[in-house]
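Here's the structure, in structure tokens; my notes come after.
Whatever order the structure lists them in is the order used to number ligands and atoms, beginning at 1.
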Amino acid sequence: MERFYTIQGEGFHQGKAAYFIRLAGCTVGCTWCDVKESWDAEDHELISIQKLKQDLKHCKAEIVVVTGGEPTMYNLSALTEMIASLGKRCHIETSGAFPITGNWDWICLSPKKFKKALPENLAICNELKVIIAHKNDFRFAQKFESQVASSSILYLQPEWSTAEELMPEIISFVKDNPKYRISLQIHKYLNVP
Ligand code: SF4
């Protein structure tokens, strides 16, 4: 759908320069999705991996983040091979709803209520990022604690449109449950894509 060099705004790698590849196509259907234009893959031009490689070759990015849409709807092996062949790190952002293909240096799994994350994906994610859009999302987040590896980093991230309202509760929850961290979408504060 789009690709751009920017600053990773969320989660563990927040603040680092990263090249984003946003794949079109998503059947998860989050009501608060802020990239609904990504849902229909047919609305977007197909770009070959060779063309992506040419663009990436000239980019200083050390990290390439593959996001969506829902990237795991596709077999991503050839894409990660290409990224790794340039000596860059492969990161993915996924709801975990479909099997994860390809070789990843970092898996950020953000489970959604609208389509369940697969247990095998939860077991291998490096970071679990739960979006807090309602008060009952804290309980939703806690359900995954036993399903992720002990090394997986737990994040709560306020949904952008309700962030101001829910932030006091998120702060209070993290103070009571210090294994969680807060992730903010700093790219939106920085006004970058
Ligand atoms: Fe939007 Fe991501 Fe949810 Fe798909 S999984 S609907 S792209 S937020």
Full working for side-chain hydrogen bond (donor to acceptor under 3.5 Å, both in side chains) between Gln185 and Glu10
CA-CA 5 Å; Gln185 294 180 293; Glu10 305 178 3; 2.9 Å; yes

Does a donor on one side chain and an acceptor on the other come within less than 3.5 Å for Thr162 and Glu164?
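Absent: no donor and acceptor within the cut-off.
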
Looking only at the side chains, is there a donor atom on one of Tyr180 and Glu145 sitting less than 3.5 Å from an acceptor on the other?
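Yes, side-chain donor-acceptor contact under 3.5 Å.
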
Counting from 1, what ligand 1 atoms have a heavy atom of Trp39 closer than 4.0 Å?
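Near Trp39, the atoms of ligand 1 are 1 (Fe), 6 (S).
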
Angle class for the Phe114/Trp32 ring planes (parallel below 30°, perpendicular above 60°, tilted otherwise)?
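Plane angle over 60°, so perpendicular.
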
Everything protein-side that's N, O or S and under 2.8 Å from atom 3 (Fe) of ligand 1: list it, residue and atom.
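Under 2.8 Å from atom 3 (Fe) of ligand 1 - ignoring waters, which are not counted - the protein N, O or S atoms are Cys30 SG.
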
Ignoring hydrogens, what is the shortest heavy-atom contact between Tyr5 and Tyr19? Give both atom names and the distance.
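Scanning both residues, the minimum pair turns out to be CD1-N, 3.9 Å.
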
Over all heavy atoms of both residues, which pair between Lys112 and Phe140 is shortest? Give the atoms and the distance, please.
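Residues Lys112 and Phe140, closest heavy atoms: C-CZ, 3.8 Å.
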
What residue and atom, counting heavy atoms only, is the protein's closest point to atom 2 (Fe) of ligand 1, and at what distance?
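Nearest protein contact, heavy atoms only, for atom 2 (Fe) of ligand 1 is Gly69 O, 4.0 Å.
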
If you count the non-hydrogen atoms of other residues, nucleotides and ligands that lie under 6.0 Å from CD in Glu37, is the total more than 12?
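Count over threshold, so yes.
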
